[in-house]
Amino acid sequence: MRVYNEEVQKVHVPNHQVITDSALALKKGFLVAFPTETVYGLGADAENKDSVERLFNIKMRPKNHPVIVHIGDLEYLDFWTIEIPKFARDLAEAVWPGPLTLILQRSNRAKDFLTGGQNSVAVRFPSNLISQKLLTEFHKLGGKGVAAPSANKFGSISPTNVAAVKQEIGKDLHLKTDYILDGGQCKIGIESTIVSCLGSQPEILRAGLIDKKIIEFFIGPTDQSKNDQIKVHFPGELKKHYAPKAAVITEGAPREGDGFLALINFETPVGCVRLAEPRNIFEYAQVLYKSFRNADDLGLQRIYIIKPSQNGIGIAINDRIQKASS
Ligand code: TXA
Ligand code: MG
């Protein structure tokens with residue numbers, strides 16, 4: 001018999017008290033699922049090996065997959081990293097807080113259990129208000145950073161609302177000690193841009209809202225052919241990732257019974273189930289993972305997608321659709 005305990009999945013509306021309690025829970029070694037502007041993360045004290053290990057176990061994530069350390073103030077960047085190139089500091093100052101993750105050389109504080117044994121560490125300062133308040137309170141307690149992968153099982157779709165967080169990891173959290181903070185639907189809906197700063201030129205490892213144009217706006221033209229960077233081991237580049245159970249189809253013709261996702265100006269093909277009607281590419285990003293989940297909840301076999309153009313965040317959307325369909 002499957003015992004289903006709704007209580008275990010208790011969700012907290014994050015008022016000031018709840019946020020300070022959550023920060024304290026993190027400091028004590030418990031886990032907190034929290035919203036960011038991109039997707040929900042499952043957080044643990046980045047200095048606490050046992051907590052981070054529990055996080056990996058819950059996610060069923062291989063140990064060599066490094067996690068992003070989230071900070072609530074630029075000053076903590078120097079705690080986790082060394083030898084920050086000028087372009088990286090310029091980017092951090094321009095875009096943070098925001099949906100950008102920087103990969104830099106690690107300091108001796110970034111242990112193997114965070115970095116998967118690599119000599120680099122990923123750091124991000126999110127802009128979502130709840131995540132900022134949580135991180136600020138955590139820093140007040142002496143915490144230096146929160147390790148937080150997306151709050152889903154390994155290989156699954158990142159959650160963009162609390163219902164999805166509960167679906168993914170709700171049953172793995174403890175009612176009395178862990179927290180799930182409800183911040184509604186995530187504004188951006190796909191993960192942060194990851195930029196490696198280990199060479200002389202920044203290199204985008206994972207596309208996101210912050211695209212090459214925005215990066216170059218802040219730091220000037222970049223030239224990958226001049227990049228002397230050694231190839232970064234980037235486990236996130238697995239071919240199949242972010243995938244729903246339904247097959248994601250982007251070629252051929254839609255079939256009866258398919259889920260259908262496209263910008264609003266595309267009519268729903270006869271017999272298809274419309275999953276969302278985004279009015280522009282920003283809304284497209286916001287509803288992408290929710291649509292994948294809806295399709296799975298409806299038990300659909302296939303999702304037929306008309307991809308947006310390769311512009312701005314459209315590049316990141318295409319990247320996620322590509323991964324989901326391979
Ligand atoms: O938007 C986001 O970035 C969300 C929210 C919660 O902040 N987080 C997120 O974390 O997407 P996660 O763990 O699901 O994806 C982080 C990716 C992984 O693919 C990991 O392999 C890569 O970042 N990564 C982390 N540290 C790295 C490092 N030192 N070198 C190369 N890749 C790294
Ligand atoms: Mg993830």
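Every number for a ligand or one of its atoms is a count from 1 in the order of the listing. The shown structure was predicted, so the numbers you read here are calculated from the model rather than taken from an experiment. Throughout, residue positions are numbered sequentially from 1 according to the sequence presented.
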Task: Ile68 near ligand 1 by a heavy-atom separation under 4.0 Å - done: yes

Open item on the list: Students often mix this up, so state it plainly: with edges at 30° and 60°, are the rings of His70 and Phe34 parallel, tilted or perpendicular?
Closed with: perpendicular

Open item on the list: For atom 8 (N) of ligand 1, which of the options Gly41, Ala148, Ala110 provides the nearest non-hydrogen atom?
Closed with: Ala148

- [ ] Just jot down the ligand 1 atoms closer than 4.0 angstrom to any heavy atom of Ser120, in number order.
- [x] 28 (C), 29 (N), 30 (N)

Open item on the list: Would Thr38 count as a polar contact of ligand 1, with the cut-off being nitrogen or oxygen pairs under 3.5 Å?
Closed with: yes

- [ ] Evaluate the side-chain proximity of Leu104 to Leu77: yes if any heavy-atom separation is below 4.5 Å, no if none is.
- [x] yes

Task: Numbering as shown, the atoms of ligand 1 that approach Pro149 to under 4.0 Å (heavy-atom distance) - done: 10 (O), 12 (P), 13 (O)

- [ ] Taking the side chain as every heavy atom from C-beta outward, state whether Leu42 and Ile169 have any pair of such atoms under 4.5 Å apart.
- [x] yes

Open item on the list: Please list, in number order, the atoms of ligand 1 under 4.0 Å from a heavy atom of His70.
Closed with: 5 (C), 6 (C), 7 (O)

Open item on the list: Using side-chain heavy atoms (C-beta onward) and a distance below 4.5 Å, is Glu37 in contact with Cys186?
Closed with: no

- [ ] Compute the minimum heavy-atom distance from Arg106 to ligand 1 and say whether it is under 4.0 Å.
- [x] no

Open item on the list: I'd like to check which ligand 1 atoms, numbered from 1 as shown, lie under 4.0 Å from a non-hydrogen atom of Ser192.
Closed with: 1 (O), 2 (C), 3 (O)

Open item on the list: Going by side chain to side chain contact (heavy atoms under 4.5 Å, CB included), name the residues that satisfy it together with Ala122, two or more places apart in sequence or in a different chain.
Closed with: Ile68, Thr101, Ile103

TODO: Please could you name the atoms of ligand 1 that Arg61 approaches to less than 4.0 Å, counting only its heavy atoms?
DONE: 12 (P), 13 (O), 14 (O), 18 (C), 20 (C)

Task: Student check: side-chain heavy atoms of Val121 and Pro66 closer than 4.5 Å - done: no

- [ ] Could you tell me which atoms of ligand 1, counted from 1 in the order shown, lie closer than 4.0 angstrom to a heavy atom of Gln118?
- [x] 28 (C), 30 (N), 31 (C)

TODO: Could you tell me whether any N, O or S atom belonging to Ser150 is less than 2.8 Å from the Mg ion (ligand 2)?
DONE: yes

Open item on the list: Is it the case that ligand 1 has an N or O less than 3.5 angstrom from some N or O of Thr36?
Closed with: no

Open item on the list: For the aromatic rings, using the six-membered ring if either is Trp, is the centroid distance between His65 and Phe154 under 6.0 Å?
Closed with: yes

Task: Atoms in ligand 1 with a heavy atom of Ile194 nearer than 4.0 Å - done: 17 (C), 23 (O)

TODO: Decide whether a cation-pi geometry holds between Arg109 and Phe79; the criteria are a distance under 6.0 Å from NZ or CZ to the six-membered ring centre and an angle within 45° of the ring axis.
DONE: yes

Open item on the list: Polar contacts were defined as any N/O atom of the residue lying under 3.5 Å from an N/O atom of the ligand; does this apply to Ser150 and ligand 1?
Closed with: yes

- [ ] Please examine the side chains of Pro85 and Leu198, heavy atoms only from C-beta on, and report whether any two atoms are closer than 4.5 Å.
- [x] no

Task: Region of Gln105 that comes within reach of ligand 1 [heavy atoms, distance under 4.0 Å] - done: neither

TODO: For Glu251 and Tyr304, run side-chain hydrogen bond (donor to acceptor under 3.5 Å, both in side chains): C-alpha distance rounded to whole Å, both residues' side-chain angles, the deciding distance at 0.1 Å, then the answer.
DONE: CA-CA 8 Å; Glu251 274 154 26; Tyr304 187 88; over 6 Å; no

- [ ] Could you see which bit of Leu205 sits under 4.0 Å from ligand 1, with heavy atoms only: side chain, backbone, both or neither?
- [x] neither

